[in-house]
Amino acid sequence: MEYIISLLILTGINAILATSFNLILGYGGLLSIAHPIFYAIGGYASALIGIHFSVPVPLAILIGGLIAAILSFGVSLPSLRVSGDYLVIASLGFQLGVLHIINNVEFTGAASGLSNIPLLIEGANRSKLSLLIVIIVLVVCILLINWIVKGPYGRAITAMRNDETAFSAIGRNPIQIKVFLMALGSGIAGIAGGLYGHFFLYLSPEQFGIFTSAAFLTMVVIGGAGTVWGPAIGALILTLFPEAITFLNLPVSVMAPLQGVIFTTLVLIFIFFRPQGMIGGHRGIDGLAVWSQKIDMSRKPEKK
Amino acid sequence: MELSWNLLGQLAWTGLATSSYYALFAIAFSLVLKINGVWNFSQAGIMVFAYYGMYTGLQVLGLSTPVSLFIGLMTAIVASIGLEVYGFNILRKRKSPVLTYFIFTIVLAQFAVFLTELIYGTAPTTLYPSLMSPVFLVNGIVVSHWDLQAITITVILISSLYLYFKFTHQGQSLVAIADNPPLAEMFGINLQRGYIIAISISAVFITAGMYLFGTKAALFPSTPLLQLLIFSVIATIMAGLGNIFGAALAAIFLGLFQTFSILIIPSKWQILLAYILIFVVIIFFPEGVRMPKRKIKRHDLNEIID
Amino acid sequence: MVNKKNLKLGVSNMGNLIPNLKVIFFSSLKLAIFSIFVLSFSNQTKAGDTLKFGVADPLTGPAAIYGKDQMQAVKWAVEDINNAGGINGKKLEAVILDHQAKPEVGINAVNRLINVDKVPVFITAFSNVVKAVAPIANRTKTLMLSVGANAPIISSLGDYVYTTFPLADVDMNKLGPYMYKNKGKRKAAVLFVNHETGIDGAKIFRDSFKKAGGKVVLFESYEQERSDFTGLVLKVKAANPDVVHIHSVIRDFTAIVAQMRQLGLKMQITSYQTAFNPKMIKQLGAAAEGIIVTALAPSVEDNANLPGYLERWKKAYNRQPIGLPYTQYFYDAPHIIARLFKKVLSEGKEPNGTNMRQALIDIKTFDLPLTNRVVFADDHTVDKPVYYWQVKNGKFQLIGKSK
């Protein structure tokens with residue numbers, strides 16, 4: 001039924017976002033939390049192109065993704081100068097800054113949001129077809145990342161993460177890898193933004209702020225940060241579960257805060273008691289620490 | 001727009017007074033970063049607890065100001081200590097990466113906001129039924145009782161902290177922990193106790209700041225997280241990590257800048273400057289705009305020792 | 001060497017000692033999550049003998065200060081309609097969901113109302129959400145009534161989107177000339193919150209004041225989250241207007257007025273219906289005296305049912321409703337819907353969105369309990385008289401009216 005399909009589309013989009021985020025954070029080692037802004041950039045770019053130029057929507061979405069990928073230099077270049085917590089804050093500054101511009105410029109609809117976005121698919125079976133497209137994009141995305149990570153490029157990534165100095169010493173360029181992964185991840189996020197915009201037909205800046213960053217991070221952690229499928233599973237749980245809570249016939253006036261309390265409590269429990277996430281293999285190791293420790297990402301985690 | 005001395009003077013005075021709570025919040029944030037070593041975004045949650053503790057005393061139970069302040073303070077301190085002992089300490093032992101701290105502190109702040117919304121509802125509240133405070137004129141400049149209270153409290157707290165760090169044994173041990181934890185430990189300083197003391201001091205500043213803010217404007221449970229915290233982050237970065245009093249100064253500077261810049265820039269672009277500042281400062285001046293002598297970064301040293 | 005006293009509170013230690021406990025905990029957690037999913041889908045409203053309509057309002061979150069009282073008005077309306085016999089014997093039922101004033105939540109809520117609760121018509125509020133859910137209403141041919149949101153664009157959001165509440169161009173178009181002619185103001189400063197409601201409303205006021213002959217000496221926006229307005233207030237002082245119009249949300253209005261009065265600015269302040277808030281008067285005390293606010297719902301002078309309605313509030317809650325004029329519209333909306341149902345059913349048609357919409361167009365003019373007459377124009381706009389209220393002696397008093 002329509003309601004569930006709509007929810008599943010949102011879940012699929014979140015899964016695409018979580019997976020691409022994991023690519024940047026985990027495999028690329030770039031501590032950027034600015035992922036939602038590339039989601040926004042892709043969505044807005046695609047929507048605006050669709051509104052103002054007569055470009056077919058799929059092409060607009062791809063262009064949106066490309067623009068997001070290019071703008072990702074705004075974070076990958078600074079990462080060459082700073083790292084660690086400094087980069088987190090710098091990326092936060094980038095995200096909030098760009099978001100503020102979107103929020104205040106007439107062209108993007110400013111705080112009122114952007115509507116009248118052209119549809120990706122028209123007609124009676126619109127929702128089902130859109131869901132199909134989202135699922136296909138998700139699967140392609142996961143397979144692509146899997147292929148990159150398990151192949152020779154993946155070994156290069158592992159080598160770079162394990163010892164960047166040695167990596168440079170043998171003549172490989174770590175910067176190239178970081179920038180590429182950032183661009184790829186952000187570009188995918190941009191495409192997800194286009195999918196969102198051309199289905200839900202409304203974009204507003206408030207959806208892309210710091211809470212969204214925390215939400216994506218949480219999806220990655222709860223799903224399992226050191227894995228390829230984990231973030232998608234995290235997205236599934238984090239999108240569907242809060243919605244499911246609303247069906248429990250709790251009093252409407254406290255529903256939202258109660259939902260928030262239940263939800264954030266669960267996240268906190270996960271962070272402390274099951275840091276490897278739902279399907280993470282390295283027991284007891286903080287999901288995100290999997291990346292900073294010297295672990296070979298191209299091999300399957302051992303089951304203990 | 002004509003710029004009279006009176007106008008500038010008024011801007012300076014009122015701007016300074018309202019920067020007071022920004023300075024207090026910046027100190028609290030910077031202190032926890034320097035000593036506990038954490039970017040404490042859950043400060044927004046502690047701010048909410050401190051405020052609603054006082055609110056409960058004043059408006060719900062009808063208690064006197066000192067008692068309510070005490071309740072607010074105790075709520076903030078207990079929450080802060082809990083945060084350090086049951087939160088940061090565990091993550092520290094696990095050597096959790098930065099992003100885990102980030103998610104943890106943000107989610108915890110959100111939890112605090114939701115919990116408060118659940119208990120107190122989502123309508124905006126003030127600490128006292130009225131927001132107005134008596135005013136008088138000094139050379140044509142309007143001075144309100146609130147302004148005087150704000151400046152006095154802030155000056156007292158900041159100077160006390162300064163004296164504490166400089167002249168007490170405990171204060172100096174905190175500075176030692178901030179500079180070099182393993183070394184401090186070797187000299188017999190108890191790290192855990194230091195962390196607890198530091199975060200408790202932070203709670204005091206938070207409570208004071210929330211008292212001032214709550215007597216000037218109404219707030220929602222989500223206000224600290226959405227609005228107030230970002231100033232503390234920027235001020236801390238501008239002053240350089242580890243420079244607590246610098247952060248206070250930076251906060252005051254930012255507050256005054258925001259007040260004065262309205263003469264030139266439309267309000268809506270002011271905050272963009274703040275974000276650009278974060279971005280530029282942290283990339284090009286990671287040691288802070290004032291470029292103090294180069295300190296060895298914490299994680300470098302830990303890696304060497306481990 | 002010195003003893004290290006480490007507080008061993010790490011859960012990893014607990015885990016080592018009692019590994020089974022962790023396993024049990026997580027299995028039960030997974031089971032709990034699963035059962036919530038199952039429970040939630042079986043817990044749906046069963047089809048019955050009631051005529052349902054949906055309501056999506058901000059009930060929590062910063063925009064929700066009026067939401068609770070609005071919901072009370074809706075519930076009382078449904079109660080009253082049902083006590084009077086319902087609709088051809090069937091009972092009216094409101095399905096109420098919270099959208100927190102967030103577009104994404106609004107989309108989910110409306111999808112649910114349409115697909116799960118199968119409502120042919122729903123009420124909603126808050127401009128951003130209205131815009132986000134309009135496509136859904138149009139696509140699914142569900143009638144959508146916007147109550148309270150006032151962005152002018154609402155009248156052009158689609159065939160199935162109607163507003164029962166006058167849009168910003170109604171009251172702001174009349175306030176300008178009123179302040180010029182009736183109150184003799186010549187120089188206006190306009191302050192507004194930097195989002196749609198603020199921007200649109202402020203522009204319309206500016207234009208209407210200028211058209212009436214006045215001069216706008218300051219036109220300045222501010223961020224919604226802001227709490228210190230010193231600079232803004234001083235800019236107002238320098239511009240020296242004789243009236244300041246503040247197109248705000250709620251908390252910012254109180255802060256700006258407080259800071260204006262503190263800094264010695266005594267000029268006339270005006271705002272729109274959102275400022276019709278008795279709590280604001282309390283927070284401002286004497287500083288609130290003289291504030292003029294527009295309202296789009298009739299006062300007791302013009303509406304015979306209103307005193308009884310106010311009495312009901314007094315008995316139940318010992319106070320006036322917050323945002324009284326809005327609640328009047330929310331009380332009347334179910335009455336509109338009841339009439340639509342009645343017409344559709346008595347014509348033997350199915351109560352779906354298309355037929356309900358046709359009924360709205362056919363009836364066109366409704367005489368309602370608390371907001372008097374509403375006429376749904378062909379261009380989806382609604383025109384109403386504007387009432388002017390002023391704070392006198394700590395209370396809102398009616399001082400004028402424009403047709």
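Numbered from 1 within each chain, the chains take letters A, B, ... in sequence-line order. Hydrogens, waters and symmetry mates play no part in the numbers below; they use all other heavy atoms, side chains included. All figures in this text were calculated on a predicted structure; none of them were measured in a lab.
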Query raised in the report: With side chains defined as the heavy atoms from C-beta onward, is the minimum distance between Phe211(A) and Leu225(B) less than 4.5 Å?
Result: yes
Requested in this report: Find out whether Phe279(B) and Ser91(A) are in side-chain contact, i.e. whether some heavy atom of one side chain is under 4.5 Å from a heavy atom of the other.
Outcome: no
In Å, rounded to the nearest 0.5 Å, how long is the span from [atom1] of [X] to [atom2] of [Y]?
X         : Y         : atom1 : atom2 : value
Ile276(B) : His100(A) : CD1   : NE2   : 9.5 Å
Leu99(B)  : Leu217(A) : CG    : CG    : 5.5 Å
Ser96(B)  : Phe272(A) : OG    : CZ    : 8.0 Å
Ile101(A) : Tyr275(B) : CD1   : OH    : 11.5 Å
Thr264(A) : Phe114(B) : OG1   : CZ    : 6.5 Å

Query raised in the report: Looking at Leu99(A), Val261(A), Val267(A), which one has more heavy-atom pairs under 4.5 Å with chain B than the rest?
Result: Val261(A)
**Report entry** Contact winner vs chain B - Ile33(A), Asn103(A), Val98(A), heavy-atom pairs under 4.5 Å
**Finding:** Ile33(A)
Indicate every side-chain donor-acceptor pair of residues 101-113 of chain B with a distance under 3.5 Å to a residue at least two apart or in another chain.
| residue | atom | partner | partner atom | Å |
| --- | --- | --- | --- | --- |
| Tyr101(B) | OH | Arg92(B) | N | 3.3 |
| Thr105(B) | OG1 | Tyr101(B) | O | 2.8 |
| Thr105(B) | OG1 | Phe102(B) | O | 3.1 |

Query raised in the report: Which answer fits Ile230(B), side chain, backbone, both or neither, if we ask what part of it has an atom under 4.5 Å from a heavy atom of chain A?
Result: side chain
Query - chain B contact via Val88(A) - side chain, backbone, both or neither, heavy atoms under 4.5 Å - result: side chain
Report summary line: Contacts of Glu117(B) meeting salt bridge (Lys or Arg N to Asp or Glu O under 4.0 Å) (sequence neighbours excluded), chain-then-number -> none
Report task. Might you point out which heavy atoms bring Leu272(B) and Gly97(A) nearest each other, and give the distance in Å? Result -> CD1-O, 3.4 Å
**Report entry** Contact summary for Arg94(B) and Ile271(A), nearest pair of heavy atoms
**Finding:** NH1-O, 3.2 Å
